[in-house]
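A quick write-up on the structure given underneath.
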Amino acid sequence: MNRFELISQIKKYKAFNEQEEKDKYLLLEWIIDNEDAFSRENKIAHITATGWVVNKDRSKVLMVYHNIYDSWSWVGGHADGETDLLAVAMREVKEETGIKKVCPVTEDIFSLESLTVDGHIKNGSYISSHLHLNITYLLEADSEEAVSIKEDENSGVAWFAPEEALKKSSEPWFVAHIYKKLLDKMDETGRNVR
């Protein structure tokens with residue numbers, strides 16, 4: 001998917017709530033106005049992609065214990081110049097969890113959000129506070145497949161019942177505004193998003 005196809009996909013995306021409606025506009029404006037929107041070289045904001053990974057019957061959610069955030073969280077990462085954000089999300093899931101087979105439930109955007117990132121140290125260097133303008137895809141994997149940690153990024157990988165995933169995260173804003181929203185979107189369709 002190229003930049004223009006992604007812009008078209010975001011424009012067609014039906015926002016789930018007010019947060020998504022406002023963040024949709026922000027994402028579109030940023031991508032259209034910033035040639036380097038997909039690069040970490042843009043120190044103010046850059047595009048990221050996330051996978052909300054569920055098992056086949058939607059009874060489990062895959063999460064990692066993120067070292068920087070010191071919390072259980074969803075799986076994703078930086079676009080790093082790539083505009084095919086579904087491919088980015090799938091790659092990040094494989095890299096961060098050790099899962100070999102992951103597939104999209106749908107190639108459509110599942111969620112979008114503007115996320116604040118506090119300043120932190122990574123690889124010995126200070127990273128200033130900035131925004132992650134994020135696209136989330138609903139992905140499916142086998143909860144029986146072996147998982148493994150990626151030591152430079154996480155110190156745990158585990159499947160949780162959806163409600164348990166909310167309790168495991170120690171990031172209140174994410175729980176209330178992101179993870180709960182993702183579960184609500186799944187509930188709206190009987191957890192059978194297809």
Side-chain angles (χ1 to χ4, degrees), residues 1-40 42-54 58 61-64 66 69 71-93 96 102-118 129-140 162 165-166 169 171-189 191-194:
M1 175 176 294
N2 66 38
R3 182 186 200 102
F4 301 106
E5 291 168 331
L6 178 64
I7 289 169
S8 176
Q9 189 181 49
I10 296 169
K11 283 181 178 177
K12 291 176 188 171
Y13 177 74
K14 187 176 182 305
F16 181 71
N17 58 20
E18 184 181 13
Q19 169 265 308
E20 287 196 350
E21 188 61 47
K22 294 195 175 196
D23 289 350
K24 175 181 173 178
Y25 175 78
L26 181 63
L27 268 143
L28 281 170
E29 187 177 72
W30 195 256
I31 292 170
I32 291 166
D33 292 347
N34 292 275
E35 224 21 69
D36 63 351
F38 294 85
S39 170
R40 284 187 239 203
N42 188 315
K43 305 293 186 203
I44 298 168
H46 39 260
I47 306 300
T48 58
T50 301
W52 185 245
V53 186
V54 295
R58 311 295 182 259
V61 175
L62 182 63
M63 300 188 88
V64 296
H66 201 290
Y69 303 117
S71 176
W72 286 98
S73 65
W74 57 2
V75 185
H78 295 89
D80 287 333
E82 177 64 56
T83 56
D84 184 344
L85 298 182
L86 175 57
V88 171
M90 291 176 59
R91 181 186 68 235
E92 291 291 328
V93 167
E96 292 184 26
V102 61
C103 58
V105 172
T106 173
E107 293 188 5
D108 295 332
I109 294 169
F110 187 59
S111 174
L112 49 78
E113 40 278 316
S114 169
L115 308 169
T116 57
V117 179
D118 290 337
S129 298
H130 58 280
L131 289 177
H132 281 174
L133 301 176
N134 190 68
I135 303 284
T136 303
Y137 294 92
L138 184 62
L139 306 177
E140 184 177 292
L166 296 179
S169 176
E171 298 176 281
W173 188 89
F174 269 81
V175 171
H177 299 280
I178 305 300
Y179 303 149
K180 175 96 172 59
K181 172 186 74 171
L182 298 173
L183 294 181
D184 288 347
K185 289 182 89 164
M186 289 171 57
D187 281 341
E188 196 173 80
T189 57
R191 297 226 170 141
N192 287 319
V193 179
R194 292 249 177 237

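- In this structure, the salt bridge (charged side-chain N to carboxylate O under 4.0 Å, His left out) partners of Glu18, at least two apart in sequence or on a different chain, are Lys22.
- For the pair Ile178 and Trp74, the minimum side-chain heavy-atom distance is below 4.5 Å.
- A donor-acceptor pair is defined here as one N or O able to donate and one able to accept, closer than 3.5 Å; such a pair exists between the side chain of Tyr13 and the backbone of Phe110.
- Inter-residue side-chain proximity for Phe38 and Ile31 is flagged as met; some heavy-atom pair is nearer than 4.5 Å.
- Contact check for Glu171 versus Tyr179: side-chain heavy atoms found under the 4.5 Å cut-off.
- Between His78 and His132, the ring-plane angle classifies as perpendicular under the 30° and 60° cut-offs.
- Side-chain N or O atoms of Gln19 include one that pairs as donor or acceptor with a backbone N or O of Leu112 at under 3.5 Å.
- Using a 4.0 Å cut-off between charged side-chain N and carboxylate O, Glu113 and Lys181 make a salt bridge.
- With 3.5 Å as the limit, one finds no donor-acceptor pair spanning the side chains of Thr83 and Asn2.
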For Thr50 and Tyr137, what are the C-alpha separation, side-chain angles and deciding distance, and is it a side chain to side chain contact (heavy atoms under 4.5 Å, CB included)?
CA-CA 6 Å; Thr50 301; Tyr137 294 92; over 6 Å; no
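- Proximity of a side-chain donor or acceptor of His46 to a complementary backbone N or O of Asn42 within less than 3.5 Å is detected.
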Worked check of side chain to side chain contact (heavy atoms under 4.5 Å, CB included) between Ser111 and Trp52
CA-CA 9 Å; Ser111 174; Trp52 185 245; over 6 Å; no
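- Looking at Ile10 and Lys24, their side chains come closer than 4.5 Å, going by heavy atoms from C-beta outward.
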What do the steps show when you test Tyr69 against Val64 for side chain to side chain contact (heavy atoms under 4.5 Å, CB included), and what is the final call?
CA-CA 11 Å; Tyr69 303 117; Val64 296; over 6 Å; no
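- Taking the salt bridge (charged side-chain N to carboxylate O under 4.0 Å, His left out) definition, one finds that Glu92 meets it with nothing, sequence neighbours left out.
- Minimum heavy-atom separation, Ser114 to Leu131: OG-CD2, 3.8 Å.
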